[in-house]
Amino acid sequence: MIWKTAAAIMLLATTQAGAQQRTNVGASTKNKGAITIPLQPASWEDENKIATFTTHKSVPAVILKGKGQLVLKDFNMTDGIIEYDMEPMEKTFTGIYFRRSSALESEIFYFRADNAGHPEAFYATQYAPMLSGTNMWDMYHHFQAGASYQLHQWNHVKLVISGKQLAVFVNDMEHPILQVPQLEGNSQSGSIAFDGPVAIANLMVQPGQPAGLSPLPGIDPVSNDTRYLRSWLVSQPAIIPAGTDIFSSRKYTANSTGWDTIRAERRGLINLTRKFGASKERRIVWLKTSIQANADLNKQLRLGFSDDIWIYLNGSLLLADKNTFGALIMKTPAGRCSLENTTLTLPLKKGGNELLIGVANDFYGWGIVARWDDVEEIIMNYELRITNVEAKN
């Protein structure tokens with residue numbers, strides 16, 4: 001942890017005396033090295049003027065209203081524990097940003113407070129990385145969780161951050177509501193920030209390696225599954241008009257030059273946002289791979305995607321489809337990128353086959369995940385494998 005100014009250190013010392021005035025919500029770490037963060041204007045950046053520093057329900061607090069982030073000044077942390085009390089003020093989003101290296105790069109844990117009071121609601125909370133200014137919630141739907149918390153009441157939150165892993169506790173400090181086996185953000189360290197209509201109190205940090213949570217990444221649950229299509233050739237992004245009808249796909253063709261390679265991340269995700277960054281304009285890229293079939297075969301392919309896709313096999317269009325949150329034809333689960341999105345049959349011919357997928361996006365995360373039902377009688381990425389063997393020889 002780094003405090004860059006003497007004034008900040010003095011301000012911190014004067015506020016630690018009030019640390020015993022905690023609300024009786026949850027339990028704190030109460031360990032040596034825990035530091036109470038001042039909830040005073042001098043310690044925070046409030047670019048959008050969303051913060052009111054006050055006393056709320058007899059506790060020193062900051063109340064946030066309006067859009068924007070309240071960012072802790074002159075602070076940098078990689079690993080450690082963050083604890084705070086929060087009171088959601090409205091049925092909407094409120095969250096904490098950590099390892100925030102900039103407004104574009106951070107990790108996020110947030111509450112969907114319209115689910116407050118419903119601990120069984122799967123969408124009550126979520127972790128997501130912020131990549132190039134893009135909240136990747138729609139690509140990491142498996143990091144959602146239920147939690148028991150209330151609107152217009154104090155709730156205690158604890159984040160344990162250890163290397164690649166995260167554990168989150170809400171009110172119950174013995175049982176995490178969410179465990180993230182690998183944090184997906186690009187930033188390795190940074191500050192803390194809050195957003196949403198919320199009251200924040202009793203903010204404490206304990207920098208350093210926390211006990212009980214390994215810093216090593218957890219197991220990828222699909223790492224042993226050979227059915228995933230993990231390696232592709234990828235074109236450079238091209239701008240297409242916003243709102244273009246996906247069914248007018250035939251006028252879009254893949255550029256035959258400038259191909260690069262891309263490989264799947266955990267859970268088989270082809271993460272186009274991480275590779276190409278964010279854009280305010282609608283873009284399309286083409287993903288290409290080859291399949292060698294031992295006979296004429298019909299193979300089932302399960303595909304998750306965001307947002308629009310055009311799928312060609314050996315030059316013939318098989319499917320044009322859309323998966324945008326809020327659209328009438330968005331896919332299960334609620335517009336997220338998931339293998340539940342769609343299943344299609346690929347009529348493979350004996351010998352070599354070319355699979356070409358166009359992926360367009362102008363809404364949050366961008367990418368696909370693809371998995372065969374089975375891989376009997378086929379070899380994936382046949383041409384890439386042959387090329388790699390020739391290059392080695």
Side-chain angles (χ1 to χ4, degrees), residues 1 26-35 72 75-84 86 95-101 105-111 122-131 134-149 156-194 203-225 263-269 271 273-274 336-337 365 367 369:
M1 183 190 67
S28 75
T29 56
K30 297 183 180 179
N31 293 331
K32 292 181 179 180
I35 303 167
L72 182 59
F75 180 81
N76 189 71
M77 190 173 85
T78 298
D79 295 333
I81 297 172
I82 304 170
E83 291 194 64
Y84 63 100
M86 57 82 82
I96 179 171
Y97 299 73
F98 59 99
R99 290 184 178 174
R100 184 188 184 277
S101 60
E105 300 288 343
S106 67
E107 310 279 11
I108 316 165
F109 172 76
Y110 60 93
F111 296 84
F122 181 53
Y123 299 150
T125 68
Q126 182 163 8
Y127 156 77
M130 176 77 79
L131 304 180
T134 302
N135 183 327
M136 299 289 287
W137 65 271
D138 55 339
M139 309 303 288
Y140 294 97
H141 65 98
H142 39 277
F143 294 140
Q144 299 178 117
S148 180
Y149 63 97
H156 192 65
V157 182
K158 179 168 75 172
L159 278 66
V160 181
I161 306 156
S162 178
K164 287 295 186 180
Q165 297 202 44
L166 168 70
V168 181
F169 301 77
V170 177
N171 289 325
D172 178 355
M173 296 297 105
E174 298 297 324
H175 304 97
I177 59 106
L178 178 65
Q179 294 179 281
V180 178
Q182 177 163 305
L183 292 165
E184 298 289 352
N186 291 327
S187 57
Q188 302 303 308
S189 66
S191 189
I192 297 168
F194 295 94
L203 174 61
M204 301 175 66
V205 297
Q206 185 180 337
Q209 182 62 53
L213 184 62
S214 172
L216 301 177
I219 295 172
D220 178 355
V222 306
S223 62
N224 297 330
D225 195 333
R263 183 163 175 81
E265 300 181 0
R266 292 170 64 94
R267 293 178 178 263
L269 175 63
N271 192 335
T273 303
R274 197 186 302 274
R336 279 78 170 169
C337 177
V369 55

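Throughout, numbering of the chain's residues begins at 1 and tracks the sequence. When reading the values below, keep in mind they use all heavy atoms of this one structure, side chains included, and skip hydrogens, waters and symmetry mates.
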Gap between atom CG of L213 and atom CD of Q179 - 0.5 Å precision = 7.5 Å
With rounding to the nearest 0.5 Å, note down the distance linking CD in Q209 to CD1 in I161.
-> 11.0 Å
Under 30°, 30 to 60°, or over 60°: which ring-plane class applies to Y140 and F143, parallel, tilted or perpendicular?
-> parallel
How many angstroms lie between CG in N135 and OG in S106, if you round to the nearest 0.5 Å?
-> 8.5 Å
Sorted by chain and number, sequence neighbours left out, ring pair (Phe, Tyr, Trp, His ring centres under 6.0 Å) with F111 holds for F109, Y149
Applying side-chain contact (heavy atoms from CB on, under 4.5 Å), run through E83 and L203 and close with a yes or a no.
-> CA-CA 6 Å; E83 291 194 64; L203 174 61; over 6 Å; no
Cation-pi, Y123 ring and R336 (6.0 angstrom, 45 degrees) = yes
In terms of side-chain geometry, is the basic nitrogen of R274 or E184 positioned less than 4.0 Å from the acidic oxygen of its partner?
-> yes
Candidate pair I108 and I96, rule side-chain contact (heavy atoms from CB on, under 4.5 Å), full reasoning | CA-CA 6 Å; I108 316 165; I96 179 171; over 6 Å; no
Closest non-hydrogen contact found for A167 with P176 is CB-CB, 4.4 Å
Sub-3.5 Å donor-acceptor pair from the side chain of T125 to the main-chain atoms of G146, do we have one?
-> no
Euclidean distance, R267 CZ relative to D225 CG, rounded to 0.5 Å = 12.0 Å
Is it true that D79 and R99 make a salt bridge, defined as a side-chain N closer than 4.0 Å to a carboxylate O?
-> yes
Please walk me through it: do M130 and E105 pass side-chain contact (heavy atoms from CB on, under 4.5 Å)?
-> CA-CA 5 Å; M130 176 77 79; E105 300 288 343; 6.0 Å; no
Decide yes or no on side-chain contact (heavy atoms from CB on, under 4.5 Å) for L269 and M139, but give the supporting numbers first.
-> CA-CA 8 Å; L269 175 63; M139 309 303 288; 3.6 Å; yes
Side chain to side chain donor-acceptor pair (under 3.5 Å) between T78 and Q188: does it pass, once the steps are laid out?
-> CA-CA 6 Å; T78 298; Q188 302 303 308; over 6 Å; no
Distance in Å, N271 CG paired with C337 SG, rounded so as to fall on 0.5 Å steps | 9.5 Å
Indicate yes or no: does R100 engage E107 in a salt bridge with an N to O separation below 4.0 Å.
-> no
Considering all heavy atoms of both residues, which atom of A124 and which atom of A147 are nearest to each other, and what is their separation?
-> CB-N, 4.0 Å
Nearest 0.5 Å please: distance from the NE2 atom of H141 over to the CE atom of M136.
-> 12.0 Å
